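Order of the sequence lines sets the chain letters (A, B, ...), proteins ahead of strands, with each chain counted from 1. Model, not experiment: these values are computed from the prediction. The figures here come from the full heavy-atom set of this structure, side chains too, leaving out hydrogens, waters and symmetry mates.
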Protein chains: 2
Amino acid sequence: MFTLSEENYLKAIYHLELDGTKGISTNSIAEKLQTKASSVTDMIKKLSDKKVVIYKKYKGVKLTDLGKKTAANIVRKHRLWEVFLVEKLNFSWDEVHEVAEQLEHIKSAKLINQLDEFLGFPTHDPHGDPIPDNEGNLKTIEKSLLSTLHKNETGICVGVDDSSSEFLQFLDKKGIVLGKKITVLEKENFDDSLSILVDEKKLSISNKIANNLYIKKS
Amino acid sequence: MFTLSEENYLKAIYHLELDGTKGISTNSIAEKLQTKASSVTDMIKKLSDKKVVIYKKYKGVKLTDLGKKTAANIVRKHRLWEVFLVEKLNFSWDEVHEVAEQLEHIKSAKLINQLDEFLGFPTHDPHGDPIPDNEGNLKTIEKSLLSTLHKNETGICVGVDDSSSEFLQFLDKKGIVLGKKITVLEKENFDDSLSILVDEKKLSISNKIANNLYIKKS
DNA sequence: TATAATTTTTAGTTAAGACTAAATATATAT
DNA sequence: ATATATATTTAGTCTTAACTAAAAATTATA
Ligand SMILES: [Mn+2]
Ligand SMILES: [Mn+2]
Ligand SMILES: [Mn+2]
Ligand SMILES: [Mn+2]
């Protein structure tokens, strides 16, 4: 069994590995968890003793299979709870993350499996992120950043990269929600801003926005 | 804001006060929380600093209004989650307590109020215990221990005093669930055991059982 | 390659929340 | 009323998970 703090470290390392990095550095973990590098070193030793990470001094850290499975299960819980909050308790997608950060640490296999069933075995959370199965497997769907689409290409909005409240509320305001069809009308060379079509409405969005929206090309 | 440990102490004191005791002793708290008296003294000082209990050395402890409200809110969360687990996730009444012990510490006013609404504003938990309202008010219903009923009296089963798994599973086995009509057929003077009628079936139950079952007389 | 900059680890503190053992206050019994 | 028993508090220790500051290793630069 893992403490709340250990679980948060595991999750942080898991996300960093998914982001593509190979050896996860002490500093990157510290930054992700808003803590100090020395604290990370301490915790890494504990996680290494518990066989969830491989640790070589000065060489960064790597999840073991057990570590990956454990972390994926926490992410599974986080995302299932987010679905619950949005689907059943009328939370909006920008309100769920903080509560899910708490709920993901509740320990009960039955709880999470029954919740999964109650929700109809959802495959994605409210931000379009995939929900790991009971064994920790993630099926990643093919998606591209809106910023990589070319003029006249069209796709469905399937996720966000940044899921901060500010960004999500901005999207709400613009009428951009998951499932919406988006067409690139124009691409400005000067600042990489885009002119897009959503619901017959023409919107102008910055490159920063386009870099945080995932599209499934169609 | 209160830590998990502080919340558990508040809840313990709250329950002890509801049980009728006036000045709650260090030892009784220690026993309820399975901890040592010295640990209790430490924590009581912290709670006193935070204005949730009145503490006079050697004289026991008492909840302030703020303390009562805080504790009642934790109990509210505990019981609403128990309803959720039974009504929505197919838990049985003997499986919910441990999970609710964890869920009661999740901090989100919106979560608990939406959950309340989602559940249809239940007034009692799966064990027949009343659910405090948002202000911490408890409406207690009139109920008697089955052991206090006389021969030929009849009532509805409305709660349990002991809600351990073992007791609850025993009741399930006997077909005694909340809402069942129970009639006292015979009372044995020798050992205070009872012969009762449930669902046309005659059952013989010990005094210990009868002392843990609440009945609303009819 | 030698030096400088950066990253990581180690050593030593701190705070929360538990514990044991000892001291002190209160309650009970002669 | 005094002695004994019980309850409570205090003093000091331990563990977890943070922190700062200093030391050591690695990486980058001249
Ligand atoms: Mn989230
Ligand atoms: Mn999410
Ligand atoms: Mn309970
Ligand atoms: Mn209950």
Worksheet item: Between A:Thr21 and A:Asp19, do the side chains contain an N or O donor and an N or O acceptor separated by less than 3.5 Å?
Response: no
B:Ile44 CD1 to C:dA16 P, in whole Å, measures 17 Å
B:Leu4 atom CG is separated from C:dA18 atom C1', nearest whole Å, by 14 Å
Testing D:dA18, C:dA18, D:dT8 for proximity to the side chain of B:Ser5, the answer is C:dA18
Considering just the side-chain nitrogens and oxygens of B:Thr41, establish if one lies under 4.0 Å of OP1 or OP2 belonging to D:dT9. yes
Taken to the nearest whole Å, CD1/A:Ile29 to P/C:dT8 is 9 Å
For nucleotides 21-27 of chain C, give me every protein contact, N/O to N/O, under 3.5 Å, one pair per line with atom names.
{"unit_1": "C:dA25", "atom_1": "O4'", "unit_2": "B:Tyr58", "atom_2": "OH", "d": "3.3"}

- Query: Is A:Lys88 close enough and on-axis enough to B:Phe84, meaning under 6.0 Å and within 45°, for cation-pi?
  - Reply: no
Quiz item: Which is true for B:Thr26 with a 4.0 Å heavy-atom rule: it touches a base, it touches only sugar-phosphate, or it touches nothing?
Solution: sugar-phosphate
Quick one: is D:dC19 close enough that its OP1 or OP2 comes under 4.0 Å of any side-chain N or O from A:Ser39? yes
query = Given D:dT10, is OP1 or OP2 found less than 4.0 Å from the side-chain N or O atoms of B:Lys45?
reply = yes
Rounded to whole Å, the OH-P distance (A:Tyr9 to D:dA17) equals 9 Å
In whole angstroms, the gap separating C1' of D:dA17 from CG of A:Leu47 amounts to 12 Å
Residues pairing under side-chain hydrogen bond (donor to acceptor under 3.5 Å, both in side chains) where one sits in residues 132-147 of chain A, two or more places apart or in two chains, turn out to be A:Asn113-A:Asn134, A:Ser147-A:Asn211
Heavy atoms of A:Leu66 and A:Lys50 approach each other most closely as CD2-O, 4.2 Å
Report the C-alpha distance between A:Thr26 and A:Val61 in whole Å, list the side-chain angles of each, state the deciding distance to 0.1 Å, and finish with yes or no for side-chain contact (heavy atoms from CB on, under 4.5 Å). CA-CA 8 Å; A:Thr26 304; A:Val61 85; over 6 Å; no
With a 4.0 Å cut-off on heavy atoms, is A:Lys56 in touch with a base, just the backbone sugar-phosphate, or nothing at all? nothing
Considering only heavy side-chain atoms of A:Tyr55, the closest of D:dT8, D:dC19, C:dT9 is C:dT9
Which of C:dA18, C:dT7, D:dC19 is nearest the side chain of A:Asn27? It is C:dT7
Sorted by chain and residue number, the side-chain hydrogen bond (donor to acceptor under 3.5 Å, both in side chains) partners of B:Lys11 (sequence neighbours excluded) come out as B:Glu101, B:Glu104
Is A:Thr3 near enough to D:dA17 that one of its side-chain N or O atoms lies under 4.0 angstrom from OP1 or OP2? yes
Taking C-beta and beyond as the side chain, do A:Asn207 and A:Asp191 meet within less than 4.5 Å on heavy atoms?
no
B:Met43 CE to C:dC19 P, in whole Å, measures 11 Å
| query | Heavy atoms, side chains only, cut-off 4.5 Å: are B:Tyr55 and B:Thr41 in contact? | reply | yes
To the nearest angstrom, the CD-C1' distance between A:Glu31 and C:dT7 comes to 14 Å
Rounded to whole Å, the CE-C1' distance (A:Met1 to D:dT16) equals 18 Å
For B:Lys36 and C:dT20, is the shortest distance between a side-chain N/O and OP1 or OP2 below 4.0 Å? yes
